[in-house]
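Basis for what follows: all heavy atoms, side chains included, without hydrogens, waters or symmetry-related copies. Remember, it's a predicted structure, so these values are computed and weren't measured experimentally.
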Amino acid sequence: MTETITLSTGQQMPSVGLGTWKSAPGQVKQAVLAALDCGYRHIDCAAAYGNEREVGEALTERLGPGKVPADKTPLRREDIFVTSKLWNTKHHPDDVEEACKRSLSDLKLCYLDLYLMHWPMAFERGDELMPRHPDGTIRYDDTHYRDTWAAMEKLVDQGLVKAIGLSNFNARQIDDILSVAKHKPVVNQVECHPYLVQTKLVSHCWSRGLTVTAYSPLGSPDRPWVTPGQARLLDDPRVLSMAKHYNKSPAQVINRWHIQRGVVCIPKSVTPSRITQNIEVFDFKLSDEDMRLIESFNRNERLIVPTIMKDGQKVWRDAGHPHFPFSDPY
C-alpha cells in the first residue's frame with residue numbers, strides 16, 4: 001500500500017503517483033491499467049500531454065463495481081487521486097472553465113482531485129498548443145497568472161475540482177498568488193531530483209502550507225532536450241552503489257529519497273515491470289547518512305527547460321516572458 005501526504009485541504013494525496021508526460025498514445029492506457037492493478041492510487045495528467053482521453057478509458061475500465069478481478073476490491077472514484085493541469089493557452093479567465101471541463105470529459109470524470117496551473121506564463125489564446133511566430137518563437141499573451149487563479153477558484157466553488165495548485169512557480173510567484181487567494185494553492189509541482197534538490201523552494205512551499213510534487217523525479221532520461229554527454233542520474237555510480245547496498249533498483253532508491261524527505265513523486269513509465277518497481281518503495285528506509293549523500297549530488301541543474309536556437313546559441317525558450325519563473329534564484 002502507498003503512503004499518503006495530507007494536503008492543507010485535508011485531502012490524502014498518495015506519495016507516489018504515475019506520471020503520464022511523454023507516454024505515447026497507444027501506450028498510456030495500458031500503463032494506467034498496470035498502475036491501478038499494482039496499487040497506484042494517484043495518476044498525474046495534463047491537457048498538454050495529449051493523452052487524457054486514453055487515461056480516461058483506463059479509468060473507466062477500472063472504476064466501479066465489476067471492473068476488477070473478483071479477488072480484488074472494486075475501485076471507487078474516491079479511491080483514486082487524479083491531477084490535471086491548465087495549459088498556457090487557456091489562461092484567460094474566460095477559457096479556464098471550458099479547459100477544465102474538456103479534461104474532465106476526456107478523463108471521463110465528474111471532478112478532479114487537483115487542478116494545477118501548468119506554468120505561470122500565458123501563451124496566445126486558442127487551440128494551438130504552441131502558437132508560434134514565423135521565426136519559431138512563441139506568441140505570448142499578457143494575461144496575469146493572478147487573474148487565471150481567480151478563475152480557477154471558481155472551479156472549486158462549482159465542485160469541478162476539489163483543490164487547485166501551481167506548477168513551475170517560483171517562491172515570489174507563490175507569494176503573489178497567496179496575497180490574493182481565496183482558495184489557497186495546496187501543491188506546487190516542480191522539477192526535482194538529486195541533481196536539482198530544490199531545498200530552498202521546497203522549504204518555502206512548506207512554510208506556506210504547500211505540498212511539493214516532484215516531476216521528472218528520476219531525472220527524465222527520455223526528456224526531449226537531452227544532449228550527448230549529459231549525466232544520467234540512474235547511471236550515477238553513487239546511486240548504483242547505494243542500490244546494490246539496499247538490494248533495490250536505482251529508481252527505487254531515488255523514489256525512496258523523495259518520499260523520505262516528504263516530497264510526492266510521480267515517476268513516468270509505460271513498462272509494467274518498472275511501473276510496479278517504482279511503487280515498491282515502502283519496505284525499506286534510507287539511512288540518514290545516505291539521505292544526506294543523495295542531497296549532496298545537487299548541481300542546481302535543470303533538465304526540463306525547453307530551449308531554442310538564437311544567434312547560433314541554445315537558450316531558454318520562454319526566458320523573455322515577463323512571468324518566466326526560472327530567472328529568480330528559487
request  = Would you indicate whether the side-chain heavy atoms of Asn255 and Val16 approach each other to under 4.5 Å?
outcome  = no
query = For atom CG of Asp135, is the number of surrounding heavy atoms from other residues, nucleotides or ligands below 6.0 Å larger than 12?
reply = yes
task = Any chance you could lay out the side-chain hydrogen bond (donor to acceptor under 3.5 Å, both in side chains) test for Glu289 and Ser287, step after step, and finish with the verdict?
result = CA-CA 5 Å; Glu289 181 182 4; Ser287 68; 5.0 Å; no
ask   = Listed by chain and number, what are the side-chain contact (heavy atoms from CB on, under 4.5 Å) partners of Thr148, not counting sequence neighbours?
value = Leu86, His91, Val96, Met117, Thr143, Met152
task = From the options Glu52, Glu61, Glu54, select the one residue that forms a salt bridge (Lys or Arg N to Asp or Glu O under 4.0 Å) with Lys29.
result = Glu61
inquiry  = Please determine whether the number of non-hydrogen atoms from other residues, nucleotides or ligands lying under 6.0 Å from atom NZ of Lys248 exceeds 12.
reply    = yes
inquiry  = Pair Arg76, Asp79 - check salt bridge (Lys or Arg N to Asp or Glu O under 4.0 Å), show working.
reply    = CA-CA 5 Å; Arg76 305 163 299 169; Asp79 296 327; 2.8 Å; yes
message = Counting C-beta onward and ignoring hydrogens, is there a side-chain heavy-atom pair between Leu201 and Asn188 closer than 4.5 Å?
response = yes
query = In the single-linkage hydrophobic clustering (I, L, V, M, F, W, Y; side-chain heavy atoms under 4.5 Å), do Met291 and Tyr195 co-cluster?
reply = yes
request  = Report yes or no: does His258 contribute a side-chain atom to a donor-acceptor pair with the main-chain N or O of Cys265 at less than 3.5 Å?
outcome  = no
Residues Arg238, Asp290: salt bridge by 4.0 Å N-O rule = no
Verify same cluster id: Met121, Trp316 (apolar side-chain graph, 4.5 Å) = yes
inquiry  = Is it the case that the side chain of Arg256 and the backbone of Phe284 share a donor-acceptor pair, with hydrogens and angles ignored and the cut-off at 3.5 Å?
reply    = yes
request  = Answer whether the closest heavy-atom distance between the side chains of Tyr330 and Asn300 falls below 4.5 Å.
outcome  = no
key: Test item: Thr199 and Asn298 side chains (from C-beta on) under 4.5 Å apart, heavy atoms   = no
query = Just wondering, do Val32 and Arg62 contact through their side chains at under 4.5 Å, heavy atoms?
reply = no
ask   = With distance as the sole test, does Ser15 use its side chain to make a donor-acceptor pair with the main-chain N or O of Ile259 at under 3.5 Å?
value = no
message = Has Asn168 got a side-chain atom pairing as donor or acceptor with His118's backbone, closer than 3.5 angstrom?
response = yes
ask   = Is it the case that more than 12 heavy atoms not belonging to Asp94 sit under 6.0 Å from its CG atom?
value = yes
ask   = Would you find a donor on one side and an acceptor on the other, under 3.5 Å apart, between the side chain of Ser105 and the backbone of Arg102?
value = no
key: Verify same cluster id: Phe297, Val253 (apolar side-chain graph, 4.5 Å)   = yes
query = So, Ser179 side chain and Asp176 main chain: donor-acceptor pair closer than 3.5 Å or not?
reply = yes
message = Show the nearest heavy-atom pair for residues Ser216 and His193, with the distance to one decimal.
response = O-CD2, 3.5 Å
task = Among Leu210, Leu114, Thr83, Val264, find the residue that satisfies the side chain to side chain contact (heavy atoms under 4.5 Å, CB included) test when tested with Val187.
result = Leu114
query = For the residue pair Tyr215 and Trp21, is the inter-centroid distance of their aromatic rings smaller than 6.0 Å?
reply = no
task = Kindly compute the distance separating CG (Asp288) from CG (Leu293), expressed to the nearest 0.5 Å.
result = 12.5 Å
message = Between Trp87 and Leu116, is there shared hydrophobic-cluster membership here, with clusters defined by ILVMFWY side-chain heavy atoms closer than 4.5 Å?
response = no
request  = Give the ring-plane orientation class for His321 versus His323, where under 30° counts as parallel, over 60° as perpendicular and anything between as tilted.
outcome  = tilted
ask   = Does the side chain of Thr2 come within less than 4.5 Å of Phe81's, by heavy atoms?
value = no
inquiry  = Ring-plane angle category for Tyr140 and Phe123, please: parallel below 30°, perpendicular beyond 60°, tilted otherwise.
reply    = tilted
Sidechain-backbone polar pair: Gln198 side chain, Val190 backbone, donor-acceptor under 3.5 Å = no
ask   = Is there a salt bridge (Lys or Arg N to Asp or Glu O under 4.0 Å) between Glu295 and Arg261 once you walk through the steps?
value = CA-CA 10 Å; Glu295 187 164 341; Arg261 71 190 295 239; 5.3 Å; no
inquiry  = Quick one: does any side-chain atom of Gln277 pair with a main-chain N or O of Gln252 as donor and acceptor, under 3.5 Å?
reply    = no
request  = Indicate yes or no: does Asp44 engage Lys85 in a salt bridge with an N to O separation below 4.0 Å.
outcome  = yes
query = Is a donor on one side and an acceptor on the other found under 3.5 Å between the side chain of Lys90 and the backbone of Gly126?
reply = yes
task = Applying side chain to side chain contact (heavy atoms under 4.5 Å, CB included), run through Arg317 and Thr307 and close with a yes or a no.
result = CA-CA 5 Å; Arg317 185 192 65 204; Thr307 57; 5.8 Å; no
query = Roughly how far, to the nearest 0.5 Å, is the CD atom of Gln30 from the CD atom of Glu57?
reply = 10.0 Å
key: Stepwise side-chain hydrogen bond (donor to acceptor under 3.5 Å, both in side chains) test for Gln12 and Thr6   = CA-CA 5 Å; Gln12 297 298 309; Thr6 303; 2.8 Å; yes
query = Side chains of Asn88 and Met130: closer than 4.5 Å at any heavy-atom pair?
reply = no
query = Are the side chain of Asp175 and the backbone N or O of Arg172 linked by a donor-acceptor pair below 3.5 Å?
reply = no
ask   = Is any side-chain heavy atom of Thr89 closer than 4.5 Å to a side-chain heavy atom of Leu129?
value = no
inquiry  = So which atom in Cys38 and which in Ile279 form the shortest heavy-atom distance, rounded to 0.1 Å?
reply    = O-CG2, 4.2 Å
inquiry  = Let me check something: do Phe324 and Val315 share a hydrophobic cluster, defined by ILVMFWY side-chain heavy atoms less than 4.5 Å apart, either directly or through other members?
reply    = no
ask   = Around Lys108, counting heavy atoms of other residues, nucleotides and ligands shown, do more than 12 lie under 6.0 Å from its NZ?
value = yes
